[in-house]
Structure formats: structure tokens, C-alpha cells
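The next block holds one structure in the form of C-alpha cells; read it before the comments.
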Protein chains: 2
Amino acid sequence: MIRLSKLSDYGIAMLTALVRHEGGQRSASELAEATGVPAAMASKVLKQLCRAGLLESCRGAKGGYGLARPASSVTVAEIIEALDGPIALTACIEAGSGECVIETLCPARGNWQRINEAIRGALAGITLADMAETVPEAFLLPGERHDAATVIANLPEAG
Amino acid sequence: MIRLSKLSDYGIAMLTALVRHEGGQRSASELAEATGVPAAMASKVLKQLCRAGLLESCRGAKGGYGLARPASSVTVAEIIEALDGPIALTACIEAGSGECVIETLCPARGNWQRINEAIRGALAGITLADMAETVPEAFLLPGERHDAATVIANLPEAG
DNA sequence: TCAAAGGGGACCTGATCGGTCCTGATTGAT
DNA sequence: ATCAATCAGGACCGATCAGGTCCCCTTTGA
């Protein structure tokens with residue numbers, strides 16, 4: 001269904017939580033608790049975001065993670081790419097723009113290219129700051145996950 | 001990676017083949033051979049496209065499938081939706097527009113909505129006729145699959 | 001020196017996807 | 001009337017992989 005992976009879902013949830021709290025660094029366990037993401041998982045996600053350069057880490061006691069750049073300059077596309085790899089519907093474009101040898105011959109070439117770019121564009125148009133804007137907290141029991149998937153699961157009616 | 005499923009990949013390949021041949025109906029096995037998709041798989045995909053109303057079938061001997069509507073009015077979005085279900089990154093939107101009870105509260109609401117719509121828009125902007133336009137046939141050994149994934153696999157260099 | 005963190009993997013497991021098969025209905029041809 | 005080709009609709013299966021857990025090491029403030 002062209003679904004977002006949990007990894008990205010969690011990543012966005014945790015980054016959003018980090019932005020909201022806006023107090024510099026927070027530890028993995030804090031963020032895990034804040035979002036309801038399992039601690040081990042949270043750690044995994046944060047490490048990956050760190051390697052991608054979206055987060056900065058402080059090791060040692062009292063360590064934690066902080067945004068490497070202002071939230072308004074971090075796009076959803078970047079987050080997804082950091083966690084799930086390149087955004088592309090077809091293997092075609094995955095190698096990176098220009099890498100595809102038959103770029104001039106590929107059957108659907110221009111079209112898939114267009115599609116992929118449109119999708120990437122859509123995701124690049126939303127910043128982390130945008131995502132952090134709307135703060136509901138409704139329908140969330142304490143300690144419950146704040147990722148998109150589970151927020152939905154807590155609804156009174158909707159599946 | 002937000003990747004397209006094989007089902008959709010095959011579906012687009014076969015529909016494209018059907019459009020190119022432009023001679024009314026073609027049997028499942030013919031289309032399977034034309035695209036290199038395994039026969040059983042092809043049949044599965046075609047049945048699904050038929051149920052979705054994108055294809056019309058004639059049963060019995062000499063039967064086959066034909067487009068239910070002109071190629072220029074069939075969008076890639078429709079094909080994907082027919083085979084893979086609703087196009088949505090988050091479970092949120094899957095229920096269909098308006099079904100989400102917390103639509104007005106959901107954390108990322110407007111943003112995810114925007115993202116999903118942008119993606120769907122991109123896919124809805126490409127018609128089957130567009131996809132059938134560019135006809136390469138290059139790099140394809142006879143009997144080999146014509147879906148995006150295997151076309152790439154046959155390239156001289158690119159992964 | 002110790003405990004609280006992050007760093008980097010290995011590893012397990014269950015859901016899902018890609019694919020096959022089987023058992024009917026239909027219908028043109030003989 | 002019968003047969004073979006073809007679609008209809010599932011059931012089923014195996015391999016892959018995403019989601020998740022663990023472990024051990026390094027760093028660093030107290």
C-alpha cells in the first residue's frame with residue numbers, strides 16, 4: 001500500500017517530541033517514554049538519525065540527543081531517507097539521480113521519474129517544525145505510543 | 001523504502017502491453033508471455049484489475065481481457081489502488097477521506113493529509129496512455145519480464 | 001571508579017509478499 | 001453433446017524482511 005515503515009513513523013514521532021520539548025538535549029529513554037516507543041527501538045532510531053546528521057549526540061552520563069539543525073530546516077523527506085533509505089517507488093531511481101544507465105531508454109523513464117520526484121517533493125515540503133505545530137495529546141493514554149499508527153488505534157471509532 | 005509492490009509493477013507492465021498491442025482483447029497467457037510475468041501471477045493480477053473495473057473480461061474459449069476505458073483516462077493511481085489498496089503513507093487516511101474520527105485532532109493531520117494527497121496527485125497525473133508512450137524494448141531478452149524491476153536488472157551496469 | 005548514557009552490531013520471529021495450485025463456471029469449436 | 005480453452009475465486013505455501021530485542025563496548029560526568 002505504499003506504506004511508511006514503522007522506523008520512519010517512530011522517527012518522526014520522536015523528533016517531533018524533541019522539538020516540542022525544546023530544551024536542548026534529551027536522552028533516548030526520555031524520548032522513548034515521551035512517545036511510547038519501546039526503548040530499544042527508540043535507541044535504534046535515534047542512532048540512525050544521528051548517523052544521518054539530523055541529530056547530535058552527547059555520550060557519557062547525562063548524555064542525550066539534540067537537533068543538529070533548526071527544526072524548520074529539517075524536512076520529512078530527510079527523516080524518511082535517513083531511516084528508510086532513498087525515496088523511490090521503483091528500483092530504477094534508487095541508485096541516485098543520473099546513476100541509471102538506461103535513464104534515456106527506460107520504458108517508463110520520464111514518468112516514473114516524474115512520479116518519484118513529485119512524491120519526494122511532497123515530502124520535502126513539510127518541515128519538522130510543521131509537524132510539531134499541531135499538538136493534540138488527546139486520545140493518548142499515558143505511556144502510550146505517539147506514532148501515527150497507534151494514535152489511530154486509540155480512537156473511539158475509526159479503525 | 002516506500003516501494004511499489006510487485007503486484008502493481010506487474011499490473012502496470014501488463015496494462016501497458018495491452019495498450020501497445022491495441023487490438024482489443026488479449027488472453028492472460030498472451031499478456032503473461034508479452035511481459036514475462038509468470039502466467040499464474042499474470043492471471044491473478046488481471047482478475048484483480050477486472051474486479052476493479054479497469055479491465056473487461058470475456059470468458060470461455062477465445063476469451064480474454066480488454067481495457068474497460070480508454071487508456072488516456074486510466075491513471076497510475078487507479079491501477080495501484082486496484083492492486084495494492086488505498087494509497088496512503090499512514091493508516092490514518094486509509095479508511096477513506098472523512099472516515100477518520102480525529103481528523104480534526106490528529107497530530108500531523110493537515111500535514112499527512114497534504115503529503116498523502118500530493119502523492120496521490122502525482123500518481124493520478126500519469127495515465128496509462130502516458131506510460132505506453134515510450135517504447136524501448138531494449139535490454140530485454142525474449143521471454144524476459146517487462147516490469148520495472150527486471151528491466152533494471154538487465155542493465156549492463158546499473159544496479 | 002562507577003553508573004549512566006550512547007555506538008554498533010547480531011539475532012530472533014512473525015507478518016507479509018510473491019508465487020503456485022486447484023476447483024469451478026463459461027463458452028466457442030467440433 | 002462434448003471438449004478444450006479461458007476466466008473466477010480462493011486456498012495455500014515458502015522466503016523474505018521489517019519490527020523488535022539483546023549484548024557488549026566506549027565515553028564521560030559524578
Side-chain angles (χ1 to χ4, degrees), chain A residues 1-11 13-14 18 24-33 35-66 68 80 83-85 89 91 145 147-150 153, chain B residues 1-14 18 24-33 35-66 68 80 82-85 89 91 145 147-150 153:
Chain A
M1 313 194 185
I2 310 192
R3 186 187 284 103
L4 202 62
S5 77
K6 278 279 170 70
L7 230 61
S8 292
D9 193 354
Y10 290 165
M14 300 180 73
L18 184 57
Q25 302 232 331
R26 304 201 73 199
S27 74
S29 55
E30 279 177 312
L31 287 170
E33 202 185 355
T35 54
V37 173
M41 197 73 232
S43 192
K44 188 181 190 172
V45 171
L46 292 168
K47 277 183 243 178
Q48 229 167 310
L49 288 172
C50 208
R51 251 174 287 172
L54 295 182
L55 288 179
E56 272 170 352
S57 66
C58 272
R59 304 183 61 167
K62 281 285 178 182
Y65 295 94
I80 294 178
L83 295 169
D84 277 346
L89 287 188
R145 299 187 183 178
D147 61 275
T150 27
Chain B
M1 310 195 188
I2 311 193
R3 187 186 284 103
L4 201 62
S5 77
K6 278 278 170 70
L7 230 61
S8 293
D9 193 353
Y10 290 166
I12 292 171
M14 300 181 73
L18 183 57
Q25 302 231 329
R26 304 200 73 199
S27 74
S29 54
E30 279 178 313
L31 288 170
E33 203 185 354
T35 53
V37 173
M41 198 71 231
S43 192
K44 187 181 191 172
V45 171
L46 292 168
K47 278 182 243 178
Q48 229 167 309
L49 289 172
C50 207
R51 251 174 287 173
L54 295 182
L55 289 178
E56 273 171 352
S57 65
C58 271
R59 304 181 60 165
K62 283 284 176 181
Y65 295 93
I80 294 178
L83 295 169
D84 277 346
L89 288 189
R145 298 187 183 177
D147 61 275
T150 26

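Proteins get letters first, then strands, A, B, ... in listed order; numbering begins at 1 in each.
In terms of modelled atom types and a separation under 3.5 Å, the side chain of B/S8 and the main chain of B/L4 share no donor-acceptor contact.
Atom CD of B/E30 and atom C1' of D/dC7 are 14 Å apart (whole Å). Rounded to whole Å, the distance from NZ on A/K44 to C1' on D/dC17 is 11 Å. Atom CE in A/M14 sits roughly 13 Å away from atom P in D/dG20 (whole-Å rounding). Straight-line distance from the CD atom of A/Q25 to the P atom of C/dA5: 12 Å, rounded to whole Å. When rounded to the nearest whole Å, the span between CZ of B/R26 and P of D/dA5 equals 18 Å. If you take OH of B/Y10 and P of C/dG18, they are 8 Å apart, rounded to a whole angstrom. Atom CD in B/Q48 sits roughly 15 Å away from atom C1' in D/dC7 (whole-Å rounding). Taking atom NZ on B/K6 and atom C1' on C/dT20, their separation rounds to 15 Å, with Å as the unit.
The shortest heavy-atom contact between A/A42 and A/A32 is CB-CB, 3.6 Å. Considering every non-hydrogen atom in both A/E56 and A/Q25, the closest pair reads O-NE2, 3.9 Å. In terms of heavy atoms, B/Y65 sits closest to B/L18 at O-CD1, 3.9 Å. Contact record, B/A82 with B/L49: CB-CD2, 4.1 Å, taken as the closest heavy-atom pair.
Using five terminal pairs a side, the axes of the helix from C/dT1-D/dA30 to C/dT30-D/dA1 at its two ends make an angle of 0°, given in steps of 10 degrees.
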### Task
Quick one, give me the B/S/- string for nucleotides 22-30 of chain C, reading 5' to 3', where B means a protein heavy atom under 4.0 Å from the base and S means that only happens at the primed atoms, P, OP1 or OP2.
--BBBBS--

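Using a 4.5 Å cut-off on side-chain heavy atoms (C-beta onward), B/L7 and B/M41 make contact. The shortest distance between side-chain heavy atoms of A/L31 and A/V37 does not fall below 4.5 Å.
Distances shown here put every side-chain N or O of B/R51 at or beyond 4.0 Å from the OP1 or OP2 atom of D/dC7. Between A/S57 and C/dG7, a side-chain N or O to OP1/OP2 separation shorter than 4.0 Å is present.
Side-chain proximity of B/C50 to D/dG19, C/dT20, D/dA8: nearest is D/dA8.
In this view, A/E30 and A/R26, A/S27 satisfy the side chain to side chain contact (heavy atoms under 4.5 Å, CB included) rule, not counting sequence neighbours.
Atom OG of B/S43 is separated from atom NZ of B/K47 by 4.0 Å, given to the nearest 0.5 angstrom.
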